Amino acid sequence: MSLFAADFSQSYEKNGLSQEMIQIFQQIIWDYYNSHPREFPWRVTRNPYHIFISEWMLQQTQTSSVVPKYKEFISKLPTFSDLANTSMDEVVKLWQGLGYNRRAIWMKSAAESIVREYNGTLPKDPDHLEKIKGIGHATAREMVTFAYNIPTVFIETNIRRVFLHLFFHNKNQVKDTEILSLVGQTVDITNPREWYYALMDYGVMLKKTLQPDPNRRSYHYKKQPKFEGSNRELRGKILRLKITNPEITNITISQKLKSPLEKINELVTKMEEEGFFEKSLKTTSE
DNA sequence: ATCCAGATTA
DNA sequence: TAATCAGGAT
């Protein structure tokens with residue numbers, strides 16, 4: 001199986017990208033997708049707002065975690081205006097459980113600017129979207145391609161894996177710029193939306209199949225710091241505290257806390273010892 | 001332990 | 001470039 005990948009990569013390294021290679025590559029991806037497509041609610045809709053929400057949630061978050069949150073969110077806040085007009089506290093509450101909470105904050109403010117500056121319509125130009133805080137190169141283009149079926153060129157973790165495996169089989173420290181060039185040359189512009197679904201699904205299959213993960217050969221690969229004992233963990237606890245006990249809201253958390261952090265840490269530890277979080281979590285999860 | 005349909009900031 | 005990000009799944 002990976003014998004083919006080695007050959008394929010060697011051919012690319014030796015002769016560059018021929019039309020024939022592009023066709024073979026596209027055939028592999030489409031063949032797999034036609035028999036093993038993953039199904040998600042955000043793949044069925046064409047509502048740009050729904051795509052917008054899903055892309056924010058899918059940043060660094062597993063698809064299976066996003067599904068229920070996505071459904072709940074678009075059900076309670078069905079339009080850009082609804083999101084723009086809902087309080088930040090309420091939006092963060094709806095977000096709870098997804099993590100990387102600042103996405104929720106930026107997402108709401110993005111909705112406000114789309115209502116204000118784009119008449120409530122998701123822009124079709126990735127460069128416009130990328131100017132919004134929290135929307136980077138990949139998310140901007142995913143939104144445009146998935147909402148409007150417009151061909152763009154982007155890379156994310158699953159796509160990166162596909163190209164590392166098939167085009168850079170025995171190369172280390174591969175840079176994204178090099179991969180992006182290939183993504184652009186091989187994208188199927190007859191149906192870019194489905195093409196990228198297929199590409200990502202193939203990448204997920206490779207992750208389940210290959211050991212070690214080819215992404216470790218990326219120049220940009222890095223291990224994540226521990227969550228346990230981090231400020232992130234602490235902030236999460238305080239968020240739950242604020243949500244479950246509004247009367248304790250005097251504790252405001254600045255984004256850059258240093259010395260207050262220790263005080264809050266003491267407080268949280270004390271409350272943990274008293275079993276505060278267990279009690280409050282039970283009362284809110286019902 | 002490591003990653004997840006990343007992005008920002010220093 | 002490296003560190004961080006109001007989590008959770010595998």
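All heavy atoms count here, side chains included; hydrogens, waters and symmetry mates do not. All figures in this text were calculated on a predicted structure; none of them were measured in a lab. Protein chains get the first letters and strands the later ones, always in sequence-line order, with residue 1 at the start of each.
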Phosphate contact (B/dC3 OP1 or OP2) by A/Arg216 side-chain N/O below 4.0 Å: yes
Side-chain-base donor-acceptor pair under 3.5 Å for A/Gln60 and B/dC3: no
Does C/dA9 have its OP1 or OP2 closer than 4.0 Å to a side-chain nitrogen or oxygen of A/Thr61? no
Has A/Tyr100 got a side-chain N or O lying under 4.0 Å from the OP1 or OP2 atom of B/dC4? no
Proximity to the side chain of A/Ser64 - top-ranked nucleotide from C/dT4, C/dA9, B/dA5: C/dA9
Please state whether the rings of A/Tyr118 and A/His128 are parallel, tilted or perpendicular, taking 30° and 60° as the class boundaries. tilted
Tell me whether the side-chain N/O atoms of A/Lys237 come closer than 4.0 Å to OP1 or OP2 in C/dG7. no
P gap between B/dA7 and C/dG8, integer Å: 22 Å
Nearest to the side chain of A/Arg43, which nucleotide is it out of C/dC5, B/dA5, C/dT4? B/dA5
Between C/dA9, B/dA7, B/dT9, which one does the side chain of A/Ala138 approach most closely? B/dA7
Taking B/dA5 as the reference, what is the distance to C/dT4 when you measure between their P atoms (whole Å, please)? 24 Å
Would the A/Phe40 and A/Tyr197 ring centres measure less than 6.0 Å apart? no
Selection from B/dC3, C/dC5, B/dA7 that lies nearest to any side-chain heavy atom of A/Lys207: B/dC3
Please tell me if the side chains of A/Phe73 and A/Leu83 come closer than 4.5 Å, counting only heavy atoms from C-beta onward. yes
As a test of reading the structure: which of C/dC5, B/dA5, C/dG7 is closest to the side chain of A/Arg102, going by heavy atoms? C/dC5
Any luck finding a side-chain donor-acceptor pair between A/Asn170 and A/Ser9 under 3.5 Å? no
Against the side chain of A/Phe40, the closest entry in B/dC4, B/dA5, B/dT8 is B/dA5
Base of C/dC5 paired with side chain of A/Arg232 (donor-acceptor, under 3.5 Å): no
Are A/Tyr70 and A/Trp42 an aromatic pair, judged by ring center distance below 6.0 Å? yes
Hey, is the side chain of A/Arg103 pairing donor to acceptor with the base of B/dA7 inside 3.5 Å? no
Among C/dT4, B/dC4, B/dA5, the one nearest any side-chain atom of A/Met200 is B/dA5
The side chain of A/Thr157 lies closest to which of these nucleotides: C/dG7, B/dT8, B/dG6? B/dG6
Would you kindly compare A/Pro225 and A/Glu142 by the position of their nearest DNA chain B nucleotide and give the one closer to the 5′ end? A/Pro225
Closest nucleotide among B/dT2, B/dT8, B/dG6 to the A/Lys223 side chain: B/dT2
